[in-house]
Structures are given as C-alpha cells and as structure tokens.
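To keep things clear, I will list the structure first and then write my remarks on it.
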Protein chains: 2
Amino acid sequence: MRKVLAIDAGGTKLTCAVINGNGEIISDVEKYSTPKNIDDLVKLFKEIINKHEDNIDITAFATAGAVNINNTKVDSSTPNMPRGYNQLDFSSLSKKRVFVENDANCAAWAEYIIGAAQGEKNTITITLGTGVGGGFIVDGKLLRGKSGRAGEVGSMKSNSKDRVCTCGRKNCFESYASGTGLKITAEEIAHSDEIFKKSIFNKKTPKEITTYDIIDGLKQNDEYSKKVFDIWKKDLITGLINITNIFDPESIIISGGMGKFLDTEEIQNAVNSEIVVSDIKIKLAKAGNYSGMIGAALLACQKC
Amino acid sequence: MRKVLAIDAGGTKLTCAVINGNGEIISDVEKYSTPKNIDDLVKLFKEIINKHEDNIDITAFATAGAVNINNTKVDSSTPNMPRGYNQLDFSSLSKKRVFVENDANCAAWAEYIIGAAQGEKNTITITLGTGVGGGFIVDGKLLRGKSGRAGEVGSMKSNSKDRVCTCGRKNCFESYASGTGLKITAEEIAHSDEIFKKSIFNKKTPKEITTYDIIDGLKQNDEYSKKVFDIWKKDLITGLINITNIFDPESIIISGGMGKFLDTEEIQNAVNSEIVVSDIKIKLAKAGNYSGMIGAALLACQKC
C-alpha cells in the first residue's frame, strides 16, 4: 500500500503526518506554526519533505485557497498565507510526486471515503467556522469545475440585507452562516431589537458581543441569544436548501467549529420541509480534526 | 447510426420527430395539443410510437417533472400534466427501449453536444420562461443527484423580500427571475415607487401590468419599465453568481422566452465582476426550439 506524506497548510497552523492508502495515520502527527513569510514557509515544507521523502510515495497538501486544475499550484489570492504563496510550484518541493488540493475539498473527500458520508456518492460537506467552506461530491467524484475552484458555497448570495462580507462583496452566505456571521447578526439584533435590553449581555455594547457570548447565552436561556441563534440558523437553513435543490444529494455533512452547536435533526427537518427534491440526511462530520490531511492523502492516492 | 423517436411532452404542447445519433431531425416534426386526461395522453403516446416503432431503435421523452434515477418514470408532482402522469411507466409504451429525462436537462445536454456550449464540459443551461429551469453539465456528465431531481435551480432562494412563489414556498429564484417574476416585480414597483405615476402604463392598475408591457415599455424608453427590468436583471444576476461560485463552469447558456430580451454581454460582465471563481461566458442558447427533443435523443443514445 502506498504511503503519503500529508501536509495541512492553514493560515495559522501547519500539520503533517504519514498516511496510508486507507486513510490511516501511520506516523506521529507533527504540528508547526505557519511561518509568516514565503521563504520560511518553503524552507519548512522542504525540511518536512526531506525528513520523510525516502519512506513515502507522494506528498499531498491540503491548503487554503483555490487550487489549479492540475493540482500543482494555488491560483487564488490567499490573504491568510504569506505573500507569494500563490506563486509557489508545489511540485518543485520534492523529487517524488506532489499533489495539492483545497482543504475544504479534502475534508469532503475524507467524509465521503472514511467519514460520515461513506457510500453516499452525492454528498456535500459544509465547514462552518470563522468562514464557510464547501466540498461537493457528485456521483462519486469531487466537483472541481473548469479551473478547480468549484464549491465556493461561502460566496453564494442567500440574503438581501445588504450585509458587507469580509471579501468586500455583499450578502455572501459566509457573512451569515459562519461564526463571524453569528457575531454580526448578534450586533444587528442588539441595535434593532428591544429584546437586547433584557439580555444578560446588556452591559456590553452591540459590537462587543461575541460568537461565544451567544453560545453561552443559549445555555443560560437568554432570550436575546436565542433570537440571534434562531436567525443565524434560518440563514444557514436557507443556504442548505439552495444547494440541496441544485444537487439532490444524499447528505450534507457539517464540519467546522460551529457544527457542535447545531441540532442536526432539527436542521435536517427544516431543510426537508422546504426542498423540492427528495429528503436528505444532515450529519456532523466524523473524519475528525485531521480530515484535511486524510482527504488529501486519499485523493492523492486516487489521482497520482 | 441509431434512430430515436423523440417526444417532447409539455403541459400545453406535445412535439415529436425522429432524430439520429448526431442530433439531426430526420423526419417531419409532428405537433399536438397535450390531452387533458391521462388515458387520452397514453393513447396519443401509443399512436405516435406505433407509427414509428418499426423504424426506430429507442423512444426518448423530454418531459416536465422530475424523472427517476432509472429514466423510466416521472416521480414528482406535475401540476401542468394530466393527473396520474407520475404513475405512468413509460417503458410499457413500447416493445423497444424507452428513455425519459427532464426537459430542462435535455435542453442543457443539447446545448452541450450541438449548441452554444459545445466542448465546454462544465456548463449550465438556465431556461427563463414562465418559470425557471436548469440543467447542469459537470465534467461532461449530466448532474442528476441521488434520485434524478438535481438542477432545481428555480427553487434556489436568492432573495428575502418574502415573495410567495407559485409553489407556495417563499423567495424561490423562479419567483424573481422568470417572466412571471418580472410581472410581480412590475406590480410591486407600481405600488411602491412614484416613478409609476409618470409611466406610459399609469392608466392600468399595478395588477394589470404584464411582462409584455414591461418589454414594450423598454422599447419606448419608459423609466418605470426600465427600473422594473433593472431590478429583474439584478435578481437574475444574483442567482447566476450563486451557481457560478458553486460550479465554476465555463459557461451559462440562457434559453427560454425571456432570453432574447437580455444583453448577454452586460449580464456576463455583471456576473464576472462579482464571482470568486474565474470568468465565465454567458451566451444565448443555440440548439433551437427542439432542444428538448434533440437532447432527449442524444442522451438516450448515450445511455441506452
């Protein structure tokens, strides 16, 4: 069985391990802070690869950013990665084959092969964290589009409140359904709704309310927090309805930090009551924290 | 080369012809009114099939409604077809092989194989008529989903004005971007905007304004009509941005009656200025009025 050195390169952390063709981690997991400049980052990549190169067949990267159709290079702007990251030809980093894929796509593939969507050939993994990411499996294949950038579900427009997203565009799904979106909804409701005056957070200014406050407020039965969370859920559900009606998938898998605050059965019932395709399952991700690395390794084995 | 008897079964009209494996119509095109009850419809299907059966290899239907994954039966409600239509097993209609596919999917396939999207393996055809239909080609294959119902782009939610769609749901893309949507927008603006008082249609009640009035008003430089049409276009563009960000297609092909009123270059520029994937082309459909029949025949040749 082939062995893959998998590297998950995020804006803050960099994680790597050796993974076999079954998606099993067969080495220690190494963790690094992502260097802030491109030379240091390339140096770190090379050190990691040099250390493992003789014992592996492929190096596979799960990375932030849009990856080109040949899986060799990031070709979008990557504001959280060092400047110059999208100039890097990953194949130059190793004597052996190098494979690169977007991290949300890798996570979706991991869920499909070894996680919550096993055997479901039409499945979507949505990552709800600081932002919103998506990976789409269509008839057992990863949806990549003409240039490899498909799956930008965070940039879907699902509302018309004229909220400005961090990307500068208006009303991106991400600006509603992410953790950041929850904070913005909290701020909006604090400004516009009398309910805030009775909230346990009424000593804070609307801008000071955090995502964690709202989650905490839910546990304390705070009516304002419940209202904010309900609106956030409704915006999330609207986006899930959209992609369900277009893809007719078997399941949507929710990953990312916000997932654990959701009652997936409640979301599933809400989505199924409004879609025009047949019912879907909504489940939490199962492939774990290393789904990016595992998905990258599994995809690399399939494609290289 | 195989010959296909292609039948396009719509709520009002039924069209049929014999088509070869290149998508060329090689017989007269016959046209019928769609019978209002299921027995008469089945009788008509059988008469048409009996007439051609000895000279063809497959019968292919392009039909309203969602078609099951085996391409044998419509399994959604079809309000415009006779009651019982979704009980009909199409394979019972002929001694030879029968193939059924949704008409919007057939149109998309025709555009991909012989129309405006030739050679573009990731392409979407959007039909803007009384309603909004969609067919998605992903990596050279028709997107069908788990049950065959994928592509319900008309049911995407792309606005939050709380407009009730004909399907009973709220804010379906179809209720904005269709010809019907244009009429509703016209009515809303006539109620809410002073501009209507100066319109050439100000003798009508808001409810009386038709889609055709607005198109006519554009030609006569009526400011109210221009405003209505601009809002309609903006809603259309929002939906096209959504599907572009998710699919990263090479092109979106616009078919249906509303297409001819659009400046596709203007729409293309507006979409490309807001998407996060690379630029797409927006073009009018080329496969013509018989694209449903042609697409059904071509798909049948591929799948049977």
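In what follows, chains carry the letters A, B, and so on, assigned in the order in which the sequence lines appear, proteins first and then strands, with residues in each chain numbered from 1.
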Notebook entry, point to check: Which atom names give the shortest non-hydrogen contact between A/Arg169 and B/Glu274, and what distance separates them?
Noted result: NE-O, 2.8 Å
Next item on the list: Against chain A, label B/Asn122 side chain, backbone, both or neither, depending on which of its atoms sit under 4.5 Å from a heavy atom there.
Entry: side chain
Checklist line | B/Val138 versus chain A, the contacting section by heavy-atom distance below 4.5 Å | finding: side chain
Next item on the list: List in chain and number order the residues that pass salt bridge (charged side-chain N to carboxylate O under 4.0 Å, His left out) with B/Glu250, two or more places apart in sequence or in another chain; answer none if no residue qualifies.
Entry: none
Notebook entry, point to check: With distance as the sole test, does B/Asn245 use its side chain to make a donor-acceptor pair with the main-chain N or O of A/Glu152 at under 3.5 Å?
Noted result: no
Using non-hydrogen atoms and a 4.5 Å limit, figure out which bit of [X] sits close to chain B: side chain, backbone, both or neither.
| X | value |
| --- | --- |
| A/Phe173 | neither |
| A/Ile241 | side chain |
| A/Ile275 | backbone |

Checklist line | B/Asn242 CG to A/Ile243 CD1 distance, which is reported to the nearest 0.5 Å | finding: 11.5 Å
Checklist line | CD1 on B/Ile69 to CG on A/Asp248, rounded to 0.5 Å | finding: 7.5 Å
Notebook entry, point to check: Is any residue of residues 140-147 of chain A within less than 4.5 Å of chain B by heavy atoms, and which ones?
Noted result: A/Lys141, A/Leu143, A/Arg144, A/Gly145, A/Lys146, A/Ser147
Check: Under a 4.5 Å heavy-atom cutoff, which of A/Asp279, A/Ile280, A/Val153 has the most pairs with chain B?
Finding: A/Asp279
Should we say atom [atom1] of [X] is surrounded by more than 12 heavy atoms from elsewhere, each under 6.0 Å from it?
| X | atom1 | answer |
| --- | --- | --- |
| B/Lys286 | NZ | no |
| B/Glu266 | CD | yes |
| A/Lys234 | NZ | no |

Notebook entry, point to check: What residue, out of B/Thr244, B/Val277, B/Ile246, has the most heavy-atom pairs lying under 4.5 Å from chain A?
Noted result: B/Ile246
